[in-house]
Amino acid sequence: MLELTPNTLAERSALRINPCKTCQPVGALYAALGVHRCLPHSHGSQGCVSYHRTFLTRHFKEPAIASTSSFTEGACVFGGGSNLRTAVKNIFDVYQPDIIAVHTTCLSETIGDDLNAYIMELTIPDDKYVVHTNTPSYVGSHVNGFGNMMAGFIRYLADARAAKNNRVAIFPGFVNPGDIREIKRLAGLMSLDCIMFPDQSDVMDRPMTGDYEMFPPGGTTIAEIQMLGGVLQTLALGEFACAEPALVLKSKCQVESDLMPLPMGIAATDRLLMAMSALSGQAVPRELEDERGRLLDLMLDANPYYHDRKTAIYGDPDTVIGLTALALELGLRPRYIVTGTPGELFTTRVKTLLATYGREDCRVKAGADLFELHQWIKNEPVDLLIGTSYGKQIAKAEDIPLVRAGFPILDRYGHSYNPLVGYQGGLRLAEMIASALMDHYDRTCADEDFDVVM
Amino acid sequence: MDVKSTILSKYNAKVFKGRQDHLLEVDAGQTQEIAANARAVPGLMTNRGCCYAGCKGVVLGPLKDTCVITHGPIGCGFYSWGTRRNKARGDGEGRNFIQYCFSTDMQEPDIVFGGDKKLRQAIKEAVTIFHPKHVMICSTCPVGLIGDDIHAVAAEAEKDYGITCVAFSCEGYKGVSQSAGHHIANNGLMKRIIGADDTPPPSKYAVNLLGEYNIGGDGWEVERILKRVGYHVVSVFTGDGALADIARAHTADLNLVQCHRSINYVAEMMKTAYGTDWLKVNFIGLGSAAESLRRIAEFFGDQDLKNRTEEVIADELAAIEPDISYFKSRLEGRRAALFVGGSRSHHYQDLLRDFGVATVLAGYEFGHRDDYEGRQVIPRIKEDADSKNIETLTVAKDDKRYRAFLSPERYEELKSTIGLESYAGMIRDMPDGSWVVDDLNHFETEQFAKLLRPDIFFSGIKDKYVLQKSGVLSRQLHCYDYSGPYAGFRGAVIFGRDLTMGLYAPAWKMVTPPWKAGDREGDAANA
């Protein structure tokens, strides 16, 4: 496995090898799936959306619907306006969504299609909506595309004159339906009336009933997005995915936001609950304190198995920061922390976290790739990998246990139903990590070192 | 209202007009015409991919001795990395490039100021780190728009590094589907690779396997059988394939064409340039695998080879007979729909017949009329603006390497007896009253599933869960749901097992909770 990867690092300025990111549009598509009765639409050639639907379906094992403008060479020359007009008409005729969320591609961005103008000229049926965002694939990553699509919905729909309401907006970030369900549960226990935006639960985790619904009951409604203009505050989870939409909501509707890390591990979950408590005026209930206590109990019980184990964490910036926080709390020793998404804010955030625990002896890199991570590992191995499915090659090549977390996980089932966030998510991760390390020990240790009781 | 009217009635006038000729009910005995390889209708959720997916994803991606660099923003390279199950073992030197994704990861300044500098640098870095003998460049949409001269960069790299470097202008917007990309990849292989190495095959009965991408190990099962009979496989296009082998493809006596759609261009061009005859084969299905083997033996005409062929067929069939009978008993009488990219929708009908499963619907994502109706229609296919944009390569006879294996008389004889250089298409093999649909979209998939109620819907990942959630077993014929091989004799057993496993999964019977059992009958009643 990966036999061609040499130990010697060579300077690279142009060749990306085994990336740890993908392009903006797929993030935009996923964000749009979290809006009720929304059909995401890719304005470009049809291969893009074919790849994106494939990618999301493989991660969630659920249908990921989206349409395309199906550009041909002619559209590239004359502009994609006519394709978009035709597409929008056909979509409303055939699939009947309430809203179409258009995102661009590198094709339509490069030819300079003006989506604002195109959409203004469209004939849109009554009570239906078409919104858009720009997602050039050659800028940022899928994480930016996710945030840009959210910002697009807000720009078009959030109502600056909406009556003030007592609700709180929660931007859950680029997470799984299982995480969103957990955040909703926490909000419920904190008596917080929230608008979750976007909300892919009950869209990308539909039960098997024998009936397929193209537009399932889940998703943030258009009315709720409009109401975002009048909420008390926004709790924006995950700076990299949510800073942009939080900023747009503030500048458009003067809604303040509390931008915080994804609630992964003890401290970040504490922070979210305290913010919720401040908003609802309700103390954190015993139920959640007990959950917290159980997670801490596990962390102490299994501490010897976590202690100082060298760990590499890779994936999307918000998730990686959350996982790093939990890893530090467990007593693991982060050795390499990387994301493919560019931006030095990531390294700043991670280094601050590491410094808090006196764990500065760690390489941190944004805009990195898995080839480079593998080369680092070849030169100085780690005991544990935490990240997406694409790290399984390194895990196999170097015989390192891998705990899957983040996007995408293409090779396991059921993961997206369960949370990584909250104390419950922490409990799940803590168990997965200890089990991965201990399974690896059991499998590789000498017979005389093999213990039935551990 | 009949099935077709029911479906078309939901469309507006323009879509109705655009779609009506892409659907037909098979009228056995009649010559029927279908519209294909035409633009998808914007807004209808097509399953199609793009030119890049056909060129890099399908044809070039499986080459294990080749560093394929995607020139473009990161997405395209990322999505086509390790996701197609085209299995490959490392070459003699343990080299296997298919575990890697190489991309120039173009950024905004590259789009504004041109990406050729970055491409040049990326090749330099690839050469420094991996020392590849072959580098291929595949471009994505923006590259064509900004006009990077990837062919000049490739030529320069050949000179600078002494490697083979071929560029493919396979931007996603070209053509109407993956099919354009197959053609572009075929052209590049023909122009630059085939014919580059004249080393003769080590033994007689030398063949190439064309259009076999070794999904789930299919190619290995086919090669196993061919070797058992006594053939030597010179090269495979391109599953577990190597450019080093493809360079010698012209030294083979016969081209075996498995996936007609994606590779027929190479077969045709090799016939013109090198005189290599080609035979459409199908190793999916017991009957068709046996028939293919007999036709290949007939081509060579050697009695020993024919005897050996019969021995192998008898032996292979005997070995699997108990399994096949068992799975047939579990599957017989079921009805299947198939919607796959190119030739698979046709091939798998043979295998399904072996298990007593009838086809009620079949269609291609990116087939052409000849894949449906047979190659005799090729001269009558009208070229449209999209197909004219894809280069049709004119090849000349290579006097030095041209070699006719057959005498002209024998060639004429075999044309009719074993169907040399012909393909009769899918429709002819389909039962009366079954449906053929080209470029089936999300809406039509749902409608057909409701109207025809197949027990099994073979398709891809994008609609797999649409179907499964509506209570129909869906199996992916692109990746075999991570199983396989399904080709050849042993593959048929695995296919039968997987189908049986899917249909009889205990969960199907529990979909309706007992407290609702009275509300609906026959819900998801697959088992």
Side-chain angles (χ1 to χ4, degrees), chain A residues 1-4 6 10 12-19 21-23 25-26 44-48 50-51 53-55 57-58 61-63 65 67-76 83 86-91 93-95 106-107 110-111 136-139 206 208-212 393, chain B residues 10-12 15 39-46 48-50 52-53 73-75 78-79 90 94-97 99-108 111 118 121-122 125-126 128-130 141-142 145-146 172-174 176 385-386 389 442-443 461-462 465-466 469-471 511-512 523-524:
Chain A
M1 183 56 61
L2 298 179
E3 267 108 5
L4 297 173
R12 273 185 291 138
S13 62
L15 186 65
R16 177 69 65 205
I17 313 170
N18 296 358
K21 64 166 180 183
T22 180
C23 61
V26 74
S45 68
Q46 66 213 4
C48 310
S50 184
Y51 276 140
R53 292 176 62 204
T54 297
F55 171 91
T57 303
R58 284 175 172 158
K61 318 297 181 196
E62 291 284 321
I65 55 166
S67 53
T68 163
S69 292
S70 293
F71 272 51
T72 55
E73 213 149 349
C76 300
N83 287 52
T86 310
V88 166
K89 177 172 171 41
N90 291 339
I91 290 165
D93 281 355
V94 177
Y95 298 113
C106 46
L107 198 174
T110 304
I111 64 171
S137 316
Y138 43 77
V139 177
R206 291 295 295 147
M208 174 67 199
T209 60
D211 288 316
Y212 166 71
Q393 293 180 321
Chain B
K10 307 275 171 41
Y11 286 145
N12 60 47
V15 178
R39 289 180 188 181
V41 182
L44 290 195
M45 287 169 56
T46 173
R48 282 178 173 176
C50 64
Y52 166 85
I74 196 65
F78 177 81
Y79 300 117
R95 298 168 74 77
N96 188 352
F97 279 96
Q99 293 156 0
Y100 293 83
C101 163
F102 304 98
S103 167
T104 53
D105 189 8
M106 286 173 90
Q107 300 296 304
E108 195 153 22
I111 302 291
K118 194 169 194 187
Q121 177 64 21
E125 291 170 9
T128 308
I129 299 170
F130 300 101
C141 293
L145 301 171
I146 64 173
Y173 54 77
K174 287 190 173 159
V176 299
D386 299 309
N389 286 336
H442 184 280
F443 170 74
I461 188 70
K462 292 189 288 285
Y465 298 104
V466 171
K469 277 198 158 29
S470 60
V511 172
T512 305
D523 176 39

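Residue numbers start from 1 in every chain, and the chains themselves are labelled A, B, ... in the order their sequence lines are given, proteins ahead of strands.
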Give, as side chain, backbone, both or neither, the part of Asn96(B) having an atom under 4.5 angstrom from any heavy atom of chain A.
backbone
The interface call for Ser69(A) against chain B, heavy-atom contacts under 4.5 Å, is backbone
When heavy-atom pairs shorter than 4.5 Å are enumerated against chain A, which of Gln121(B), Arg39(B), Gln99(B) gives the highest number?
Gln99(B)
Bottom line for Glu62(A): the part with an atom under 4.5 Å from chain B's heavy atoms is both
So which of Gly75(B), Gly90(B), Ala122(B) has the largest heavy-atom pair count under 4.5 angstrom toward chain A?
Ala122(B)
Are Tyr11(B) and Asn90(A) close enough that some pair of their side-chain heavy atoms sits under 4.5 Å apart?
no
Point-to-point distance, once rounded to the nearest 0.5 Å, from OG1 of Thr57(A) to CD1 of Ile461(B):
6.0 Å
Given Arg48(B), Met106(B), Lys10(B), the one with more heavy-atom pairs under 4.5 angstrom with chain A than any other is Arg48(B)
If you define the side chain from C-beta out and look only at heavy atoms, does anything of Pro73(B) sit under 4.5 Å from Cys23(A)?
no
Most contact-rich option vs chain B, by heavy-atom pairs under 4.5 angstrom, among Gly44(A), Ala14(A), Ser70(A), Ala87(A), is Ala14(A)
For Ser45(A), is it the side chain, the backbone, both, or neither that has a heavy atom closer than 4.5 Å to a heavy atom of chain B?
side chain
Side chains of Pro19(A) and Cys101(B) in contact at under 4.5 Å (non-hydrogen atoms)
yes
With Lys462(B) via salt bridge (charged side-chain N to carboxylate O under 4.0 Å, His left out) - residues at least two apart:
none
Hey, which of Ser137(A), Pro63(A), Gly74(A), Pro136(A) has the most heavy atom pairs under 4.5 Å with chain B?
Pro63(A)
Should Pro6(A) and Ile129(B) count as side-chain neighbours, where that means a heavy-atom distance under 4.5 Å?
yes
May I ask you to test the Asp105(B)-Lys21(A) pair for a side-chain heavy-atom distance under 4.5 Å?
yes
If I take atom CZ from residue Arg16(A) and atom CD1 from residue Ile74(B), how far apart are they, to the nearest 0.5 angstrom?
6.0 Å
Part of Val466(B) within contact of chain A (heavy atom distance under 4.5 Å)
both
What's the separation between atom CG in Asp386(B) and atom OG1 in Thr72(A), rounded to the nearest 0.5 Å?
5.0 Å
Only pairs of heavy atoms separated by less than 4.5 Å count here; which of Thr86(A), Leu2(A), Val139(A) has the most with chain B?
Leu2(A)
Using 30° and 60° as the class limits, which term best fits the ring planes of Tyr79(B) and Tyr51(A): parallel, tilted or perpendicular?
parallel
Which one wins on heavy-atom pair count under 4.5 Å against chain A: Ala40(B), Ala53(B), Gly49(B)?
Gly49(B)
Could you report the tightest heavy-atom contact between Leu15(A) and Glu125(B), atom names first, then the distance?
N-OE1, 2.8 Å
Looking only at heavy atoms and a cut-off of under 4.5 Å, which of Ser13(A), Cys106(A), Cys48(A) has the most pairs with chain B?
Ser13(A)
Pairwise distance OH(Tyr465(B)) to CE(Met208(A)) - rounded to 0.5 angstrom
12.5 Å
Look at Val88(A), Ile91(A), Ile17(A), Thr68(A) and state which one has the largest set of heavy-atom pairs under 4.5 Å with chain B.
Ile17(A)
So Glu73(A) and Lys174(B), do their side chains get closer than 4.5 Å, heavy atoms only?
yes
If you look at every heavy atom in Arg206(A) and Lys469(B), which pair is closest and at what distance?
O-NZ, 3.1 Å
Taking side chain as everything from C-beta outward and backbone as N, CA, C, O, which of these in Phe130(B) sits under 4.5 Å from a heavy atom of chain A? Side chain, backbone, both or neither.
side chain
Over all heavy atoms of both residues, which pair between Asn83(A) and Pro42(B) is shortest? Give the atoms and the distance, please.
O-CB, 3.6 Å
Less than 4.5 Å to any heavy atom of chain A: does that hold for the side chain of Cys141(B), its backbone, both, or neither?
side chain
Minimal non-hydrogen separation, Met45(B) against Tyr95(A), with atom names
N-OH, 3.0 Å
Quick one: of Gly172(B), Ser103(B), Pro142(B), who has the most non-hydrogen atom pairs under 4.5 Å with chain A?
Ser103(B)
Residue pair Leu145(B) / Leu107(A): nearest heavy atoms and the distance that separates them:
CD1-O, 3.8 Å
Heavy atoms only, distances under 4.5 angstrom: which of Thr128(B), Thr46(B), Ile146(B) has the most pairs with chain A? Name it, please.
Thr46(B)
Of all heavy-atom pairs between Asn18(A) and Tyr100(B), which one has the smallest distance, and what is that distance?
OD1-CA, 3.3 Å
